[in-house]
Amino acid sequence: MTGTGSNTPAPKQSRLKAFFDSDIFHAFLRSRTTVVAAFGTLIFFLVAFLAPWIAPHDPFDLASISIMDSQMPPVWMEYADPRFLLGTDDQGRDILSGIFYGLRISLIVGFCSVFAAAILGITLGLVAGYMGGRVDAVIMRVADVQLTFPAILIALLIDGAARGVFGNLDREVFSFWILIFSLALSFWVQYARTVRGSTMVEKNKEYVQAARVIGLPAPIIMVRHILPNVMGPVLVIATINLALAIVTEATLSFLGVGMPPTQPSLGTLISIGNNYLYSGEWWIAIFPGLALALLVLNVNLLGDWLRDALNPKLR
Amino acid sequence: MSLLDISNLTVEFPGRKSTFVAVEGVSLALEPGKVLGVVGESGAGKSTVGNAVIGLLQEPGRIANGEIRLDGERIDQLDKKAIRKIRGRRIGMIFQDPLTSLDPLQTVEAQLVETIRTHLPMSHSEALTRAIELLDSVGIPDPADRIGQYPHQFSGGMRQRVVIALALCAEPELVIADEPTTALDVSIQAQILDLMKALCVERNVGMLVITHDMGVIAEICDHVAVMYRGNLVEYGETAQVLGAPEHAYTKSLISAVPRADVTIDRFPNVNYIEAAATPTRSIDISTHWLGKARDYEAATGPLLQVQDLSMDFEVKSSIFPSRRKYFKAVKTVSFDIQPGETFGLVGESGSGKSTIARLITGLYHPSGGTVHFAGTELTSLSSRSQVLAMRRQMQMIFQDPYSSLNGRMRVKDIVAEPIKFHKLASSNTEVRQIVDDLLDHVGLGIGAGEKFPHEFSGGQRQRISIARALATRPRFLVCDEPTSALDVSIQAQILNLLKDLQQELGLTMLFISHDLAVIRQMCNRIGVMRHGELCEVADSDALYEAPQHAYTKELLTLMPSMDLLAKIA
Amino acid sequence: MFGFAIRRLFQALIVMFVVALLAFTMFRFVGDPVNQMVGVETSIAEREALRQRLGLNDPMPVQFARFVAGAVKFDFGTSYQFRQPVADLFAKRLPATLELSFMSALFALLTGIPMGVYAGLNRESWLSKIFLSVSLIGVSLPTFFIGILLIFLFSVTLQWLPSFGRGEVVDLGWWSTGLLTVSGWKAIILPAVTLGLYQMTLIMRLIRAEMLEVIRTDYIKFARARGLPDRIVNLRHALKNTLVPVITITGLQLGAIIAFATITETVFQWPGMGLMFLQAVQNVDIPIMSAYLLMTAFIFVTVNFIVDILYYVIDPRLRIGRP
């Protein structure tokens with residue numbers, strides 16, 4: 001539109017102020033569910049971070065656990081013990097504290113695997129998209145083959161294979177790393193495909209051609225010019241992927257191939273509780289399950305909103 | 001009573017912070033068999049008028065005031081169902097881009113027949129007969145055979161004919177055409193305009209043509225309405241408005257239209273819409289950093305020599321070389337450019353002119369032939385430092401002001417990047433000083449460097465691009481359609497700026513455009529391209545006064561006539 | 001058409017080749033096959049003899065060729081845990097998994113597509129918002145937790161439906177089906193809904209998103225400007241143009257059902273391939289793992305191939321070249 005951006009220098013505006021004034025921030029405020037979801041996510045993060053300080057009990061401290069306290073129901077039911085708000089599990093561990101610590105492990109695994117997958121996927125996607133030709137063909141064929149399989153299956157297979165290879169090593173130490181490794185290898189394809197697609201679009205834009213005419217070498221063009229311009233979709237994928245990684249980790253742990261019972265994530269807790277479902281001790285499985293579902297729902301809501309907000313086509 | 005009567009129309013788009021008034025108090029009238037043009041630059045509100053008439057205003061737009069009457073009957077307050085009965089039946093619409101206007105998954109026949117049968121009580125076979133007649137009347141050869149084809153099997157011009165046929169399906173009384181020829185090449189544009197005018201008279205249909213192009217107005221419109229920022233500034237018979245404009249805006253607009261029939265030195269200063277900042281400091285080029293471009297060895301003979309240059313793009317790859325298919329974008333083209341001159345390349349889309357620009361600047365690697373710059377063969381350079389030294393002398397200005405700047409970088413960083421990369425300044429303070437001078441010199445004023453590209457308009461962004469190109473102190477500048485995405489008054493400013501810079505800095509330029517009129521104003525010598533071949537190279541005036549090649553002659557006759565336009569310049 | 005199909009078939013074969021290579025690598029190098037087959041007391045000489053007999057000392061390409069030749073004849077070796085041919089184990093469990101996958105795919109398609117079309121066309125209506133909210137919850141709840149909740153509600157609390165197994169199964173000789181008995185139908189409801197819910201929400205959200213994008217295109221605007229009725233614009237023009245991406249993703253999702261069945265089968269103790277695969281992962285039973293990898297890959301590749309052909313049928317731009 002003519003006339004926008006006049007020559008008079010704009011009044012100095014701090015970036016923060018500009019952000020609070022931006023359309024995206026207003027769209028955020030207008031969507032009440034999103035504000036609630038952001039707040040909820042923040043609470044989950046805080047609880048996970050502060051778990052050692054705010055949890056009423058330490059589920060890893062064998063001295064404080066008593067088998068006498070096992071299978072206590074939540075406080076509002078009969079035979080409850082006021083020390084255990086949401087009851088206890090089969091070994092007498094406090095469910096609420098278990099959830100706090102489990103949340104911590106679930107989130108750590110989630111973040112680490114998303115981070116690892118993003119780095120791998122962005123790098124390969126940038127290189128494939130910018131270089132084209134054979135490099136692109138090889139990377140993308142690998143991605144295509146992998147995409148034929150759902151992430152959960154890949155994670156299961158890698159996990160199984162890793163157990164075969166590291167079979168005799170200490171499981172408690174390796175579970176965590178095997179999990180990150182298998183999740184990262186299952187999720188990198190999405191980043192790579194998206195980044196490659198955007199890179200191929202950006203590569204043909206004139207600002208990249210201008211950079212080439214200046215004489216800038218390819219790595220500088222990729223990192224300084226293209227990368228910042230393809231980060232929008234990556235952010236969306238990373239958010240949605242965080243939810244997916246948490247679910248996948250929980251699923252693997254539930255299936256007994258994720259985090260061990262000595263370092264329980266939310267999935268491990270549900271898996272333990274599943275055995276007691278039929279005998280009436282429903283709280284052991286259901287409360288960690290609800291915590292997991294709420295966390296994932298909040299993150300998904302954020303990701304969903306982010307995707308729509310960053311998609312100019314839907315304006 | 002007119003066919004279409006718009007009185008005092010106001011259209012608003014309520015926004016978060018304020019309500020944007022897109023059209024304010026516009027009154028127009030159109031008679032059957034006549035063509036009314038609505039002309040204006042971007043943001044004038046001309047498309048909004050058309051959308052309001054047919055009831056397809058984009059959300060959250062609404063008609064805040066005024067009336068629209070079709071044959072005396074009010075149509076601006078109809079409910080959804082009633083307006084749908086008018087759409088297609090009584091008002092036809094033609095969109096800008098024929099490539100996206102047709103459903104790619106349905107045959108032309110299916111789309112025509114369903115539209116006819118929606119509005120007219122016809123059996124399938126009757127509708128089919130009518131569809132074939134319609135295709136015939138819009139000039140599609142072998143309509144009975146081609147009607148069964150899918151849109152992608154038609155060329156751009158043919159698709160626009162199909163779109164016109166679709167608009168005429170139910171014999172509407174009024175047709176609204178929104179930039180009907182903007183996406184088309186000049187030779188096809190002429191055909192489509194002729195067709196539209198003929199149909200209009202033949203069928204006694206009133207036509208509302210919305211365009212930014214004075215040439216289109218001059219060619220087919222009986223009346224013209226000039227819009228500026230939502231307001232109607234001038235309205236009357238075409239000859240009257242174009243020949244003796246009264247409003248200041250109309251005058252400046254017409255004076256900014258480049259003309260192929262005369263050569264002028266500079267465009268008159270048009271600053272009705274957006275004034276460039278006058279440089280705050282005048283720079284003495286001979287002592288300034290910018291002026292040191294002259295320290296290159298003076299070239300003996302031509303600065304740039306292009307010999308037998310060819311470029312093939314692989315369109316179908318195959319592991320067997322014999323089955324690969326190539327598109328020959330450039331076929332053995334040769335020309336020279338002398339130091340200090342501006343050489344123009346003109347041609348329609350797909351003629352290979354932009355490919356040549358990219359071959360010269362090294363964005364593509366040629367399939368054959370050579371490019372010599374100041375006596376050095378460019379592809380023979382082996383060491384990276386030699387290549388960089390050449391790159392530095394040769395810069396490029398691109399077409400699209402929106403995609404040619406990295407939106408994530410501040411303007412000062414964009415302009416500083418080449419200076420830092422080629423180590424052309426000794427300190428960061430010096431870099432900053434040079435960037436400020438550059439931005440000031442291209443007319444952006446002080447403080448522009450701190451902003452991001454999206455805070456600037458198209459014309460201002462093109463100035464940033466120019467500043468970036470100058471930041472390596474080049475002596476050769478390739479301009480690839482530098483103004484074709486800009487409004488005509490902004491175009492005039494940018495062309496003037498390029499001319500000034502060329503004189504000050506002694507630049508040599510390769511100027512590429514599809515617009516014969518722009519090319520004439522900018523270039524000393526011109527090459528005409530078609531299908532990858534160079535048809536004719538001649539001095540600028542000679543080419544326009546006495547074209548030699550048949551294709552050049554054809555192009556010149558197809559240009560919309562500007563005789564009606566006042567010679568204000 | 002023919003050339004197109006051949007090219008796709010060729011690509012599918014390449015994928016199968018790569019997967020076979022992976023499966024072979026896993027089969028051969030993860031753990032020592034000989035150690036898994038014999039007891040601790042077996043002597044080194046006996047091990048070496050077995051090694052020779054199994055052909056583990058042959059050059060790798062020969063071993064790989066033998067592996068592929070075996071796989072083509074459904075010979076995947078012997079399970080470490082069960083000491084039975086893997087092929088027999090799979091044959092017994094395949095009907096259970098296929099019936100479950102089929103029912104849940106049916107459920108997902110029959111509910112997901114209409115909901116998606118509705119939500120895409122009526123973006124602002126309250127029903128669409130409900131669909132969207134429900135779908136978000138569906139995406140967020142992990143499959144296994146949905147299963148647990150359904151069991152808790154319908155089996156433990158209400159005691160309407162069984163929580164595990166296939167119910168009464170009728171043996172047809174080459175196929176054992178649970179769909180001929182009342183208890184079989186009762187048993188399949190919860191697992192099928194659990195498995196299908198996630199796919200349903202994905203399909204619904206995808207169709208909605210595609211619809212929203214298509215109704216912004218010029219040709220839809222032009223169709224409206226021609227006065228075509230909404231029904232024609234929405235169904236004939238918009239829906240058909242959303243089909244191409246939708247079919248791709250739906251195809252992928254139907255393939256994914258087989259893999260997700262692993263989780264559902266574990267929760268409901270459904271005696272299918274997935275359950276067996278999971279036990280194999282826990283016990284590092286490599287022959288079953290590599291056979292499962294090959295079989296699922298084969299199913300996915302077949303589905304993808306069919307999807308590609310459908311693509312071709314729908315989109316004339318692929319079918320008919322420019323003149």
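Just so we're on the same page: letters track the sequence lines, and every chain starts at 1.
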Please classify the contact between [X] and chain A as side chain, backbone, both or neither, with a heavy-atom cut-off of under 4.5 Å.
| X | result |
| --- | --- |
| B/F421 | side chain |
| B/L405 | backbone |
| B/M409 | side chain |

### Query
What option among B/G407, B/P418, B/S465 has the most heavy-atom pairs under 4.5 Å with chain A?
B/P418
### Task
Tell me, out of B/S404, B/G362, B/A448, who's got the most heavy-atom pairs with chain A below 4.5 Å.
B/S404
So with a 6.0 Å cut-off around [atom1] of [X], is the heavy-atom count from everything else above 12?
| X | atom1 | answer |
| --- | --- | --- |
| A/F45 | CZ | yes |
| B/Q386 | CD | yes |
| A/F181 | CZ | no |
| B/R384 | CZ | yes |

#### Entry: Which atoms of A/I226 approach chain B - backbone, side chain, both or neither, heavy atom under 4.5 Å
neither
### Query
Going through the distances and angles, do A/I214 and B/H422 end up as a side chain to side chain contact (heavy atoms under 4.5 Å, CB included)?
CA-CA 9 Å; A/I214 288 169; B/H422 289 286; 4.0 Å; yes
### Task
Check step by step if side chain to side chain contact (heavy atoms under 4.5 Å, CB included) holds for B/E417 and A/R224.
CA-CA 11 Å; B/E417 190 172 38; A/R224 198 188 295 166; 2.5 Å; yes
## Note on the structure
Here the pair of heavy atoms bringing B/R408 nearest to A/N229 is CG-OD1, 3.4 Å
## Note on the structure
Per side chain to side chain contact (heavy atoms under 4.5 Å, CB included), B/N406 is matched among A/E202, A/K205, A/H225 by A/H225
### Query
For B/D480 and A/E206, what are the C-alpha separation, side-chain angles and deciding distance, and is it a side chain to side chain contact (heavy atoms under 4.5 Å, CB included)?
CA-CA 11 Å; B/D480 185 10; A/E206 292 173 345; 5.6 Å; no
### Task
First locate atom CZ of B/R468, then atom OH of A/Y207, and finally report the distance between them rounded to the nearest 0.5 Å.
11.0 Å
